[in-house]
Amino acid sequence: MNPTEIYDALAEIAAAPFDPNEFPFAFAEATDAAKAAISKLRGSTNKSDLPGGVLFNRKFHYAPALAGLTDVTLEQLRNSKKSKTSKPAILIATDGDTVAAEHPSSGDTLHCRFDEIGDNFGFFLPAAGKERYRAVEENPIDVKATGKLARLYDALITANPDWATEARRHEMNQLMMRLIFCMFAEDVGIFPDNQFSRLIFTHAGDRGEEAQATIIAAFRAMNLPKGKRDGLPFWTAELEYVNGGLFAGQIDAPRFDVVAFRYLREASGLNWREINPDIFGSMIQSVADPKQRSELGMHYTSVPNIMKVIGPLFLDDLDAQIHNAWDKPKGLQQVLDRLSGIRVFDPACGSGNFLVVSYRELRARETRVLKRLQDVTANTQAPLFSAIPITHFYGIEIADFAAETAKLALFIAEYQANAAFAEVFGRRPAALPLKDAANIRTGNALREDWERVCPPPADGQEVFIAGNPPFVGSNFQTEDQKCDRDLLFKAEFKSYKNLDYVAGWIYLAARYAEKISGVSFAFVTTNSVSQGRQVSTLWPRVLQNLEIKFAHSSFQWKNNAAANAAVICVIVGVAGKNSSTKRLFSDGIAAEAGAISPYLIPMSPVYVEGASPSLFDLPRMDYGSKPADGGNLVLSPEEMEEIVGEHADAQRFIRKYLGSQEVVRGQTRYCIWVSDQEAHDALEIPPLRKRIEAVRRFRQESKNPATIPTAATPHRFWFTGPAVQKHAILVPRVTSERRPYLPVEKVGADVISSDLNQVLYDAPDWCIALIASRLHLVWIATVCGKLKSDFRYSNTLGWNTFPVPKFTDAQLDALSASALNILKCRWSLYPKTIADLYDPEKMPDDLRAVHRENDELLETMYIGRPFRNDTERLEKLFKLYAARVKALGAKGGR
DNA sequence: AATCCGACAATCG
DNA sequence: CGATTGTCGGATT
């Protein structure tokens, strides 16, 4: 949500009638809280200690005020103990007529009429977490420049509303780029010292009255060779001829008011010499885009991460070639020939980071090789110029401003590379006029024809596709993105709707690479594409004619922006099949492999598809019961006691309720559990009635069409598992990756498991021995999805595909006994919880011992001895899996 | 009817 | 405030 959307949402609240109970949730929604978070806020996460109050941790603390007493209520909020512990960014009290609010961190207060909430949205932004974005900690000049440019841009738009329209946006963006180029050029010596600003500020008037005409005249002059500037003011004669696409085409400028003119003056006063084109580009991208501005470079790819992509993709190989040719003029000349034929193509180029860094690295190598060639051949003649043109750099970018920025950043990178060249050889190509620009296309990469953007090069020349396309999980895509996805995938994929948006780039790159020889590609992507269900959907097609050359296993996203995106990434590099050694990186350390599977393990691809029922005849595993209740059917121990304290007859409708956390940390929650027959009785009890009614409302308002009919039976969970006779075995669906064994727990029939556990109802104990084994953990860790890098247990992907040998009855008895040993050992350590017991640092020796015995027992049943390591475990499991799938296929499938 | 996911989201120390 | 670790319910099959 960007600030404008927050403004709109708050204005809507201000216009609607005031409801003291609903206001806080509407406010939370307006300040960008996730729907699920609001649901939780209605239930357990509201920690307010004031009557009718709602405290959203770290966001806001609200309390309704009596008419005319908002100040008193604000004082109560200020003094609330809970306000002190959970540090809300905003305190807000209202009686529906006036509003009193405060930022506790600064003490700033706001008093306004209720219907002015929208107009004061700036004050409420901290509730949306916006204050947590500090300026990007980067090169100070980049930060300053970005700030000045953003203000200049805003001021120009304010003074010229017509320039903010779709039709003129491109012109506006071009204007900004031309100004930036001129300010840069006059600081680095492309223009004579301060020539541009001297002329502008001489002729534009004290308050910028003539700035518009002056800038238009200057830019027109720069697009015409000197001496051909008839009709332009006399003073433009001394301006340099720049051209190069940057000044070609329509030249216009908006009107500068006093404010805009002042920012222009401040911006040109900065020292632009120091700017860093690889990062600067991503930062000024935020200038034109308020959404980007709130994210402040959250998603630009850091230089170390770019190097993780382009190093293995082409730089490492070039370096090896240079090393081998170091004393051989012919070999060095071959390197130069190769360099001059390389294309780099980033189909999600943003402001051009990958292209700029690639260009810089290639130019640095070229300079090194030229120097060496000169030394080896004793040729004192300096080479005349670089053979790496920026026209060999291609990009697609959806945002016009960013695309223009990318072109500019490459001009600047070219200038800087030429300066480095001059330091070695004492001469440089003339900076002006500019030559052709990089080939940056403004458009939607999933709909563009990549071959038209980056035409296939001559034989023997190479194209390297690299970048960091956007990640959007299947559940979070916009309608437009879904539309892109449908158009792209429907021809060749039977199912594709579960794929992340980023998969579109992988697929298109694969199509490009399999058609044109000499193409390799590598992207930074979310690690989801190499996990769980996406693997068997995406990769069989991508690797039809190609193979994975290198990969970087999961690493946490990081750049220098203050607020980092919360995502775990991988890098996968793909090209045509050959016998080369593959490289699998982890934390920057490479391991060599004969093949890399899309699960990013050193193994030939085997795709595990979700199956139901078990391919190996294991007992059926279900989900627990899913409430989808807005938090109303679930009770904390305190809430349970409160209800039962006042209404003893409510007891029969309340059951113990376990999710993942409760299993792992030994906590308890309760839930309202009412059968259809009892529904009438339950509704007689006021607190139950109130909650059940709230469930009905929640479900009626659901966006999910499948949820709405369940509003008719609000006393019931959205989905309920089968009735348990004796016991249930619970496996939490998401748990920490640090534990050496997966958590599993056996509970009695009286307990309700939530959908956060997988459940084996009334299953034999030997199932526990399987789940608690190292073998099973290794399988789950490989073939199931992950949440960041934590284990995510799935019945269809993990349990139903888990390969087991045909066990004899005696073996099953032995496994059941082993399972009991594990459980007994845990009980003997009560009240330690699973979280305590399986902490890798603190796991007790006796528990380790029973697990080791369990592993040895089970593994011996597979191969007659324990496995040596996880690689051996996985190889055996994949072999058994593949054999089973083949056998079932031969029988006609299931 | 059943389930996999989250450029996440909440909590802990 | 960074490290740790798993809620919740939608969208899709």
Side-chain angles (χ1 to χ4, degrees), chain A residues 33-41 43-45 47 56-59 85-87 129 132 134 295 298-301 468-477 482 494-502 524-529 531-534 537 556-559 561-569 610 612 621-624 626-631 634 659-665 669 698-699 702-708 710 717-721 732-739 743 754-758 784-798 800 835 839:
Chain A
K35 199 171 174 196
I38 297 172
S39 295
K40 280 180 268 182
L41 189 61
S44 58
T45 56
K47 299 272 163 56
F56 191 3
N57 195 18
R58 287 171 184 271
K59 302 281 171 59
T85 52
S86 91
K87 303 204 170 59
R132 281 165 41 211
R134 288 162 312 192
E295 292 174 355
M298 222 169 153
H299 296 157
Y300 84 81
T301 316
N468 177 355
F471 321 156
V472 189
S474 55
N475 283 13
F476 292 77
Q477 290 170 14
K482 286 178 188 168
K494 53 185 189 303
S495 80
Y496 55 82
K497 291 186 178 174
N498 279 328
L499 292 173
D500 193 285
Y501 195 50
V502 77
V524 178
T525 69
T526 163
N527 64 357
S528 302
V529 298
Q531 289 164 3
R533 63 182 173 192
Q534 296 201 45
T537 310
Q556 174 120 36
W557 173 262
K558 193 158 172 46
N559 65 19
N564 267 207
V567 66
I568 310 275
C569 303
S612 189
M621 180 182 275
D622 281 287
Y623 261 70
K626 175 166 160 173
D629 61 339
V634 180
S660 297
Q661 279 211 61
E662 287 76 24
V663 169
V664 170
R665 299 194 195 151
R669 284 202 289 173
F698 174 81
R699 289 185 185 166
S702 170
K703 271 204 305 189
N704 182 358
T707 300
I708 294 168
T710 65
F717 273 39
W718 187 87
F719 167 82
T720 54
R733 311 224 10 252
V734 174
T735 53
S736 168
E737 59 169 336
R738 294 174 62 246
R739 301 195 179 109
S754 87
D755 62 319
L756 299 170
N757 296 309
Q758 298 284 10
C784 286
K786 301 264 173 93
L787 177 51
K788 57 175 186 56
S789 53
D790 279 348
F791 301 131
R792 188 195 283 281
Y793 198 99
S794 141
N795 52 352
T796 58
L797 284 166
N800 292 343
D839 185 320

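Here is the naming used below: chain letters follow the sequence lines, and residue numbers restart at 1 for every chain.
Within 4.0 Å of A/Pro743, counting heavy atoms only, lies no atom of the nucleic acid at all. A/Arg699 comes within 4.0 angstrom of nothing in the nucleic acid, heavy atoms only.
Summarising the geometry, the separation between CG on A/Leu499 and P on B/dC5 is reported as 11 Å, rounded to the nearest angstrom. In this structure, A/Lys786 places its NZ atom 15 Å from P of C/dG6, rounding to the nearest Å. Rounded to an integer number of Å, the gap from CD of A/Gln534 to P of B/dC5 is 7 Å. C/dT5 atom P lies 9 Å from atom CD of A/Glu737, rounded to whole Å. Nucleotide B/dC4 holds its P atom 17 Å from the CG atom of A/Asn527, rounded to whole Å. Residue A/Ile38 contributes atom CD1, which lies 11 Å from atom P of B/dA9 at whole-angstrom precision. Rounded to whole Å, atom P of B/dC5 lies 15 Å from atom CD1 of A/Ile568. Atom P of nucleotide B/dA2 and atom CZ of A/Phe719 are separated by 5 Å, given to the nearest angstrom.
A distance of 12.5 Å separates CG of A/Asp629 from CH2 of A/Trp718, quoted to the nearest 0.5 Å. In this structure, A/Thr301 OG1 and A/Trp557 CH2 are separated by 4.0 Å, a value rounded to the nearest 0.5 Å. For the atom pair CG (A/Leu797) and CD (A/Gln531), the distance works out to 11.0 Å, reported to the nearest 0.5 Å.
Residue-to-nucleotide contacts include no donor-acceptor pair under 3.5 Å from the side chain of A/Asp500 to the base of B/dA7.
Annotation for A/Ser789 and A/Glu737: closest pair OG-OE2, 3.0 Å, computed over non-hydrogen atoms. When all heavy atoms are compared, the tightest approach of A/Gln477 to A/Asp500 is NE2-C, 3.8 Å. Of all the heavy atoms in A/Gln556 and A/Ile568, the pair that sits closest is CA-CD1, 4.2 Å. Scanning both residues, A/Val524 and A/Pro469, for their nearest heavy atoms gives O-CD, 3.6 Å.
If you take atom C1' in B/dC5 and the same atom in B/dA9, they sit 14 Å apart, rounded to whole Å.
Here A/Arg738 does not reach the OP1 or OP2 of C/dG6: none of its side-chain N or O atoms lies under 4.0 Å away. Phosphate contact (OP1/OP2 of B/dC4, side-chain N/O of A/Ser794, threshold under 4.0 Å): present.
The side chain of A/Ser660 sits closest to C/dT7 out of C/dT7, B/dC8, B/dA7. Side-chain proximity of A/Tyr623 to the nucleotides B/dT3, C/dG6, B/dA7 is greatest for B/dT3.
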Could you go through A/Arg533 and A/Ser474, starting from their C-alpha distance and side-chain angles, then the distance that decides it, and tell me whether this counts as side-chain contact (heavy atoms from CB on, under 4.5 Å)? CA-CA 12 Å; A/Arg533 63 182 173 192; A/Ser474 55; 3.8 Å; yes
Residue pair A/Val664, A/Arg739: steps toward the side-chain contact (heavy atoms from CB on, under 4.5 Å) verdict: CA-CA 11 Å; A/Val664 170; A/Arg739 301 195 179 109; 3.5 Å; yes
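Residue order along DNA chain B, read from the 5' end via each residue's closest nucleotide, puts A/Asp622 first among A/Leu787 and A/Asp622.
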For DNA chain C, produce a single dot-bracket line, 5' to 3'. Pairs: Watson-Crick or G-U wobble, both distances under 3.5 Å. Symbols: ( ) within strand, [ ] crossing, | other strand, . unpaired. ||||||.||||||
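Annotation: side chain of A/Val529 is in contact with side chain of A/Val502 (closest heavy-atom distance under 4.5 Å).
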For nucleotides 8-13 of chain C, just jot down a letter per nucleotide in 5' to 3' order: B, S or -, based on protein non-hydrogen atoms under 4.0 Å. BBBBSS
